[in-house]
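Numbers for residues simply follow the sequence, beginning at 1. Remember, it's 1-based here, ligands and their atoms both numbered in the order they're listed. These values consider heavy atoms only, across backbone and side chains, with no hydrogens, waters or symmetry-generated copies.
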Amino acid sequence: MNKLALLAGILLATLISMARGAERPNILFIFCDDHATQAISAYGGPLAELAPTPNIDRLAAEGILFRKAYVTNSICGPSRAVVLTGKYSHLNGFRSNGDTFDGSQQTAPKLLQQAGYQTAIVGKWHLKSAPTGFDHYEVLKGQGQYYNPMLITNGENVTHEGYTTDVITDNSIKWLEQRDPDKPFFLMSQHKAPHGRWEPALRHLEFLEDVEVPEPSTLFDDYSGRSVAASQHAMGIADHMGDNRLMLKYSSKFTPEQFEVFDGFFRPKNEEFLAANLTGKERTQWHYQRYIKNYLRCVKAVDENVGRLLAYLDENDLTDNTIVIYSSDQGFYLGEHGWFDKRWMYEESFRTPLLARWPGQIEPGSVNDQDIVSNLDFAATFLEVAGAPDPGDLQGPSLVPILKGNTPKDWRKTHYYHYYESGGHGVALHFGVTDGRYKLIRFPEEEIDDWELFDLERDPNEMESVYHNPEMAEVRERMTKELELLQDQYEVPADDRQGKGGKKK
Ligand code: CA
């Protein structure tokens with residue numbers, strides 16, 4: 001009898017574990033390019049009323065929204081390499097967009113594959129080498145274009161007619177349709193949008209046309225009160241947008257039918273603008289309106305497509321057993337400090353949106369404005385959600401305990417940042433540390449060789465560095481020590497610490 005009972009017990013345990021295996025959660029990772037939190041209604045702020053994001057807001061209502069999600073390196077390729085590896089740029093080898101990702105290294109998708117997940121990526125990749133660790137891939141070449149994209153599909157070039165944001169979702173859903181339903185899936189559905197140059201979908205051309213979008217209070221920043229770094233930028237709404245970003249010229253190859261509608265919308269307005277010969281402040285204000293409206297139109301298509309994926313989960317009975325994560329490779333300037341683009345450790349591009357829904361695990365309507373979380377944490381998070389083993393060498397911890405409302409006592413209190421692409425859009429190489437209130441930034445290159453320190457409580461827009469203020473000596477010393485400590489902890493090489501690790505652009 002005892003032997004029988006033992007056998008029955010083993011059989012039961014095996015059956016339970018098999019059943020659990022079948023129920024391992026799916027992971028849907030919707031990743032955008034250059035989507036600022038300011039352009040998501042659920043985040044609040046001056047654009048909240050205009051930000052066209054009901055579906056992303058639904059994730060906030062049914063899940064969790066993070067307010068202190070910071071990136072390690074605020075630029076496209078490097079951020080994506082961090083997401084895949086769970087390691088800083090100096091360890092995964094992808095410091096600047098000019099680098100090529102070493103696809104032979106360990107990545108989260110490979111580990112998920114080994115754990116029995118079906119893995120796929122559709123959309124923006126931007127790491128040059130062919131994707132590895134995916135059962136299926138369809139990726140844009142480089143930046144791709146907004147209309148009629150070519151997707152490298154498991155090694156073959158395939159061109160699609162349509163609006164890229166829609167095509168990426170169409171093909172994400174096609175892959176979901178043909179997957180093996182007996183295995184859990186990991187799908188990275190990654191949009192080009194709302195990366196420049198902001199070409200809206202034809203159906204969104206009129207959106208916001210009659211609205212005057214409020215200007216950010218720092219649109220006419222004069223860059224005094226900081227090191228010389230900010231004043232050397234080449235990412236100004238006033239002077240650096242160029243004809244393509246202003247839609248005075250178009251970047252996509254349109255079909256004749258698409259062109260007629262697209263050009264029919266912009267051409268008369270462009271002619272009016274050129275004839276008016278605006279100068280100075282008025283010209284910048286026109287640039288800003290043109291920029292922000294097209295940016296928000298691109299966001300509108302992203303949001304509709306988030307809605308399509310959520311509807312697919314609902315209609316196929318997948319919602320309850322799928323964690324949906326929405327994020328962007330970094331934040332973006334929507335006119336703050338007079339800028340478009342990213343790269344800086346200042347808040348708007350350092351901070352990235354992060355929302356997650358996981359029924360039964362995440363308390364609906366949660367807002368986390370305390371914990372410092374990062375794109376460094378995605379790899380470990382995917383693995384823990386999947387119940388896959390921790391490889392032991394990831395630099396970012398899993399977010400799962402925080403998602404469930406239990407922040408570990410030893411969770412990071414500070415975050416390290418390192419931007420390497422010296423000179424891109426006039427942004428100097430810099431690195432720094434923040435504890436969520438104070439932010440210390442080091443510009444190590446000879447031409448600047450300076451530091452900045454901000455107190456976000458007193459100066460949320462980061463308009464005045466207090467680094468050289470004698471009253472800040474204690475904070476300055478503490479943050480400098482913390483910076484060195486983190487560089488040690490993350491094994492930042494000596495050359496990188498001296499500002500030699502990057503490439504000049
Ligand atoms: Ca980006």
Checklist line | Within the 6.0 Å centroid threshold, strictly below: Y250 and W198 | finding: no
Item checked: For the Ca ion (ligand 1), the closest N/O/S atom belonging to D34 -> OD1
Note to self: Cation-pi check for Y146 against K192: NZ or CZ below 6.0 Å from the six-membered ring centre and within 45 degrees of the axis, yes or no?
What the structure shows: yes
Notebook entry, point to check: Which atom, counting only N, O or S, brings D33 closest to the Ca ion (ligand 1)?
Noted result: OD1
Margin query: I'd like to know: is the Ca ion (ligand 1) within the 3.0 Å range of an N/O/S atom from H195, strictly under that distance?
Written below: no
Check: With a cut-off of 3.0 Å, does any N, O or S atom of S328 fall short of it relative to the Ca ion (ligand 1)?
Finding: no
Notebook entry, point to check: How about F273 and W286: are their ring centres within less than 6.0 Å of each other?
Noted result: yes
Check: Would you say Y117's side chain and P109's backbone share a donor-acceptor pair under 3.5 angstrom?
Finding: no
Checklist line | Cation-pi check, R95 onto Y420 ring (under 6.0 Å, within 45° of axis) | finding: yes
Note to self: Can you tell me which N/O/S atom of D329 has the shortest distance to the Ca ion (ligand 1)?
What the structure shows: OD2
